[in-house]
Protein chains: 2
Amino acid sequence: MIYSEKITEQELRRGGYKLTPQRRAIIGAISGTQEHLTPAAIYKRVHRKHPSIGLVTVYRTIDILAELDLICETHAGGSCRSYLMRRPSGHHHHLICSECGRVVDFTDCGLEKLERRLSKETSFKINGHLLEFIGQCLECSRKQKEKNS
Amino acid sequence: MIYSEKITEQELRRGGYKLTPQRRAIIGAISGTQEHLTPAAIYKRVHRKHPSIGLVTVYRTIDILAELDLICETHAGGSCRSYLMRRPSGHHHHLICSECGRVVDFTDCGLEKLERRLSKETSFKINGHLLEFIGQCLECSRKQKEKNS
DNA sequence: ATTCTAAATGAAAACGATTTTCAATTAGTA
DNA sequence: TACTAATTGAAAATCGTTTTCATTTAGAAT
Ligand SMILES: [Mn+2]
Ligand SMILES: [Mn+2]
Ligand SMILES: [Zn+2]
Ligand SMILES: [Zn+2]
């Protein structure tokens, strides 16, 4: 069992939730990859080993994990969301190609200063942010050029 | 008719799309406010003056306007999206209270340097970004404090 | 170990948002 | 003015998500 998996289970209990085999399996599935998983993708992974676990339980568990801040949510355009275990280190941001959907991660957003300023100006207690750049990857912008010529 | 409205109609035609009364009405509805409108909200506004225009047409027009980059999409958490006319001036970002949903706008994100660096490192042609801070507004963090004491 | 109870589960139904289908209408061109 | 491809609205289909409810179970108390 990975470090983050154990921590997540501990935090779940600390939050007053019961540690069920279903929840273990779901945490395991999300921990088992670096990729962003949609609820359906999480379900698929869980379902392989544990066919009896329902999609509903996946949704319910995701809600809890997000509430406890143990996973982070990403919006990949449109209206689809995906999840990732929260890594203790740094942020997790994206550069997304609007043509082919390719995703490049980056972590150093340097938004701390802006965060402090906004917090001061608005009296908000800020605890996170979502940052995504949209553009076209090299390959796709080449293809577009060819098309237009 | 507002400036941005005229431009939008021009661009629509320039994109090879026909300029129908329905599309005019929808563009007018989005242009008529600074607020973010969900597809349903846009439909509601359009429907007042033009009861015959269908929700489907609203969706279809939104798609086109977004494709032509004439409106910008915002993700207000969860899986709901909203739209806003693209203003020529500056960006449009949010600070969102996770408790009550209050939204504060800000425009000066200072991400140009980061954008240039990412573009260089990844060879992406970047044409936009989504930035949202999440936190608790003063009122809500006070309420939470009271609760915990 | 056994009992107990609130919390958690799965299946099915309900739900809201979005998309598809299709026959009828229309914008813009010829 | 006539033509045609694009656009439209209504209805049905689809998709992701939530609710409902009867059954099961984790974890605390005995
Ligand atoms: Mn990523
Ligand atoms: Mn705004
Ligand atoms: Zn690409
Ligand atoms: Zn608030």
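Each chain gets a letter, A, B and so on, in the order the sequences are listed, and its residues count up from 1.
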Student: Between C:dA27, C:dG10, D:dA10, spot the one nearest the side chain of A:T57, thanks.
Tutor: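 Ranking C:dA27, C:dG10, D:dA10 by closest atom to the A:T57 side chain puts C:dG10 first.
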
Student: Could you state the atom-to-atom distance from CD1 of B:I64 to P of D:dT8 in whole Å?
Tutor: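 Distance check: B:I64 CD1 to D:dT8 P gives 7 Å.
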
Student: Quick one: A:D63 CG to D:dG16 C1', roughly how many Å, whole number?
Tutor: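 So the CG-C1' distance, A:D63 to D:dG16, works out to 13 Å.
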
Student: B:R60 has a side chain; which of C:dT21, C:dA8, C:dA27 sits nearest to it?
Tutor: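 Closest of the options to the side chain of B:R60: C:dT21.
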
Student: Starting the side chain at C-beta, find the nucleotide from C:dA8, D:dA6, D:dA11 nearest to B:K18.
Tutor: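 Within the option list, the nearest is D:dA6.
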
Student: Check the angle between the aromatic planes of A:H129 and A:H93 and answer parallel, tilted or perpendicular using the 30° and 60° thresholds.
Tutor: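 The arrangement is parallel - the two ring planes meet at less than 30°.
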
Student: Please state how far atom OH in A:Y43 lies from atom P in C:dT9, giving the value in whole angstrom units.
Tutor: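 These atoms are roughly 14 Å apart.
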
Student: OP1, OP2 of C:dG10 versus side-chain N and O of A:Q22: anything below 4.0 Å?
Tutor: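 So the side-chain polar atoms of A:Q22 do come within 4.0 Å of the phosphate oxygens OP1 or OP2 of C:dG10, strictly under.
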
Student: Taking the side chain of B:R13 as heavy atoms from C-beta outward, which of D:dG27, C:dG10, C:dT29 is closest to it?
Tutor: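 For the B:R13 side chain, the nearest candidate turns out to be C:dT29.
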
Student: Choosing from D:dA28, C:dT18, D:dT7, which nucleotide comes nearest the side chain of B:R23?
Tutor: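 It is D:dT7.
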
Student: Between B:E139 and B:R142 (salt bridge meaning N to carboxylate O under 4.0 Å), is one present in this structure?
Tutor: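 Between B:R142 and B:E139 there is no salt bridge, as every charged N stays at least 4.0 Å from the carboxylate O atoms.
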
Student: When we call it a touch if two heavy atoms are under 4.0 Å apart, what does A:P51 touch: a base, just sugar-phosphate, or nothing?
Tutor: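 Nothing, no heavy atom under 4.0 Å.
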
Student: Return yes if a side-chain donor-acceptor contact under 3.5 Å exists between A:D105 and A:H94, otherwise no.
Tutor: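 Result is yes, a qualifying pair exists.
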
Student: What nucleotide among C:dG28, C:dA6, D:dT7 has an atom nearest to a side-chain atom of B:Y17?
Tutor: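 Taking heavy atoms from C-beta onward, the closest nucleotide is D:dT7.
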
Student: Taking the side chain of B:Y59 as its heavy atoms from C-beta onward, which of D:dA28, C:dT18, C:dA8 lies nearest to it?
Tutor: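 The listed nucleotide nearest to B:Y59's side chain is C:dT18.
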
Student: Is A:E9 salt-bridged to A:K6, going by a charged N under 4.0 Å from an acidic O?
Tutor: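 A:K6 and A:E9: not salt-bridged.
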
Student: On DNA chain D, check which nucleotide each of B:V56 and A:P21 is closest to and give me the residue with the more 5' one.
Tutor: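 Its nearest nucleotide being more 5', the pick is B:V56.
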
Student: Look at the side chain of A:T20 and decide which nucleotide, out of D:dA26, D:dA11, D:dT17, has an atom nearest to it.
Tutor: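 Nearest to the side-chain atoms of A:T20, counting from C-beta on, is D:dA26.
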
Student: Which whole-number value in Å describes the distance from B:R14 CZ to C:dG28 C1'?
Tutor: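 Distance, rounded to whole Å: 18 Å.
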
Student: On DNA chain C, nearest-nucleotide positions of B:L55 versus A:I53: which is more 5'?
Tutor: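 The residue mapped nearer the 5' terminus is A:I53.
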
Student: Between B:Y43 and B:L55, what is the shortest heavy-atom contact and its length?
Tutor: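 Nearest heavy atoms, B:Y43 then B:L55: CE1-N, 3.4 Å.
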
